[in-house]
2 protein chains.
Amino acid sequence: MTATRKPAASDPPAMSYGLLPDLLGFHLRRAQVALFRHFAHSVGTAADITPGLFGMLQVIAANPGLAQSRLAEAMEVERSTIVKVADQLEARGLIERVPSAVDRRSHCLELTETGRGELARIEGLVLAHEADLTAKLTPAERQTLTRLLIRLAE
Amino acid sequence: MTATRKPAASDPPAMSYGLLPDLLGFHLRRAQVALFRHFAHSVGTAADITPGLFGMLQVIAANPGLAQSRLAEAMEVERSTIVKVADQLEARGLIERVPSAVDRRSHCLELTETGRGELARIEGLVLAHEADLTAKLTPAERQTLTRLLIRLAE
DNA sequence: TATTGTTATACTCTATAACTATA
DNA sequence: TATAGTTATAGAGTATAACAATA
């Protein structure tokens, strides 16, 4: 049995969320807020990075020489949005814009040596964050959750 | 068996997402993006509302006479953020700011008659959106997903 | 002193539209 | 004509800090 206490007359009336608890989007949002907070506290304070920037860095690392427009497609954002992301990562010395050898309009994004080192460090932090966050679930539950989310997004 | 075709030499190389598919946050985000798109196409075009505004309206409707500061706490945003939300909903004639009888600093948020009608209509659209979105899942899977998301957010 | 609503301001993330240099 | 990167600009959504009125 869970710990309870006698409700006092001075208690604020319990808040109702109406229909929201019946909606998947409500729980999806709450889970994401919880994850962002956990990420900010664990990874963010140790490495000054957000989930979004980390995602960009991952895709750049996994696809050496990726053009900015291809990154935009992969992340499902506008080309123009990538400019500032690349500016930021370049200003921090994590990536380089290398002119393409075959298309002079195109910039190939590449991790720098610094970027490779930083990314390795951040990956360690992210994996620890992931393990900590999902410690509430069994491995089977974690896999079930991932699979259901994938099917929802398809 | 799934339909396939012979890969052509001109195919772009398959994009890799690196570590991202191993991370819950990646799938959480994709699911939320998919849900937002679906909401925008189904509910949004018929009622000019976003998931965020709908959530605010739900909590106001479910807690008549709620003060702005209490709404801010319930939605986990700053007091000052609520001002614009209330402005918007009031400008659309959906809610009213009623001066509190017991605390002259406080504004009690109340649905107008128009607001009640509109909310009822929007709720219908939202429930249809929810049913359509989750048609990919069995009722048991839907419940499992909700439960796992709740445990993740706890 | 603390709280309520408000304003002014700013920051992040994103999009649109127009520009240039290539293709 | 179409594409790659860029710029300028704007719109959500959010936060911080300060203020007047009130508790």
Side-chain angles (χ1 to χ4, degrees), chain A residues 10 12 25 29-30 32-33 36-37 39-40 44 48-57 59-60 63 65-92 95-110, chain B residues 10 12 25 29-30 32-34 36-37 39-41 44 48-57 59-60 63 65-92 95-110:
Chain A
S10 60
R29 170 148 214 282
R30 297 206 135 188
Q32 204 175 35
V33 167
F36 263 68
R37 276 189 192 139
F39 190 103
D48 185 30
I49 197 152
T50 59
L53 266 193
F54 173 71
M56 296 283 182
L57 220 39
V59 175
I60 294 169
N63 304 276
L66 192 66
Q68 291 182 197
S69 291
R70 300 294 79 68
L71 178 59
E73 284 164 12
M75 305 307 279
E76 299 189 69
V77 293
E78 266 301 305
R79 257 164 39 250
S80 61
T81 304
I82 296 295
V83 176
K84 284 169 194 167
V85 172
D87 285 352
Q88 264 188 274
L89 296 175
E90 205 173 30
R92 287 170 60 172
I95 68 164
E96 260 184 330
R97 282 171 163 107
V98 181
S100 164
V102 299
D103 185 339
R104 294 202 309 198
R105 296 170 301 182
S106 191
H107 293 177
C108 302
L109 302 179
E110 304 274 9
Chain B
S10 60
R29 170 150 214 281
R30 298 208 133 187
Q32 204 175 34
V33 168
F36 262 69
R37 277 190 191 137
F39 189 103
H41 281 113
D48 185 30
I49 197 152
T50 59
L53 267 194
F54 173 71
M56 297 281 182
L57 220 39
V59 176
I60 293 169
N63 304 275
L66 193 65
Q68 291 183 198
S69 291
R70 301 292 80 70
L71 178 58
E73 284 163 12
M75 305 307 278
E76 300 190 69
V77 295
E78 266 299 306
R79 254 166 37 249
S80 60
T81 304
I82 296 297
V83 176
K84 283 170 194 166
V85 171
D87 285 351
Q88 264 189 273
L89 296 176
E90 205 174 29
R92 287 170 62 173
I95 67 163
E96 261 184 328
R97 283 171 163 108
V98 181
S100 164
V102 297
D103 184 339
R104 296 201 308 197
R105 296 170 302 182
S106 191
H107 292 178
C108 301
L109 302 180
E110 305 272 9

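Just so it is clear: chains get the letters A, B, ... in the order the sequence lines come, proteins before strands, and each one is counted from 1.
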Assign [X] to base, sugar-phosphate, or nothing according to its heavy-atom contacts below 4.0 angstrom with the strands shown.
| X | result |
| --- | --- |
| A:Ser100 | nothing |
| A:Val77 | sugar-phosphate |
| A:Ala67 | sugar-phosphate |
| B:Arg79 | base |
| A:Glu78 | base |

Specify the separation, in whole Å, of atom [atom1] of [X] and atom [atom2] of [N].
| X | N | atom1 | atom2 | result |
| --- | --- | --- | --- | --- |
| B:Lys84 | D:dA12 | NZ | C1' | 10 Å |
| A:Ile82 | C:dA15 | CD1 | C1' | 13 Å |
| B:Leu71 | D:dT14 | CG | P | 12 Å |
| A:Ile49 | C:dC13 | CD1 | P | 11 Å |
| A:Asp103 | D:dA2 | CG | C1' | 12 Å |
| A:Leu66 | D:dA4 | CG | P | 12 Å |
| A:Asp87 | D:dT7 | CG | C1' | 11 Å |
| B:Glu73 | C:dT4 | CD | C1' | 11 Å |

* Between D:dA15, D:dG5, C:dT22, spot the one nearest the side chain of A:Val83, thanks. => D:dG5
Looking at [X] and [Y], what are the two nearest heavy atoms and their distance?
| X | Y | result |
| --- | --- | --- |
| B:Glu76 | A:Arg37 | OE1-NH2, 3.0 Å |
| A:Val59 | A:Ala74 | CG1-CB, 4.3 Å |
| A:Gln68 | A:Arg97 | OE1-NE, 2.8 Å |

* Structure fact -> Heavy-atom nearest nucleotide on DNA chain D taken for A:Ser106 and for B:Leu53; more 5' hit belongs to A:Ser106
* Asked: For DNA chain C, whose closest nucleotide is more 5', that of A:Val85 or that of A:Arg104?
  ->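 Counting from the 5' end, the first nearest nucleotide belongs to A:Val85.
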* Determine whether any donor atom in the side chain of B:Arg105 lies under 3.5 Å from an acceptor atom in the base of C:dT3, or the reverse, and answer yes or no. => yes
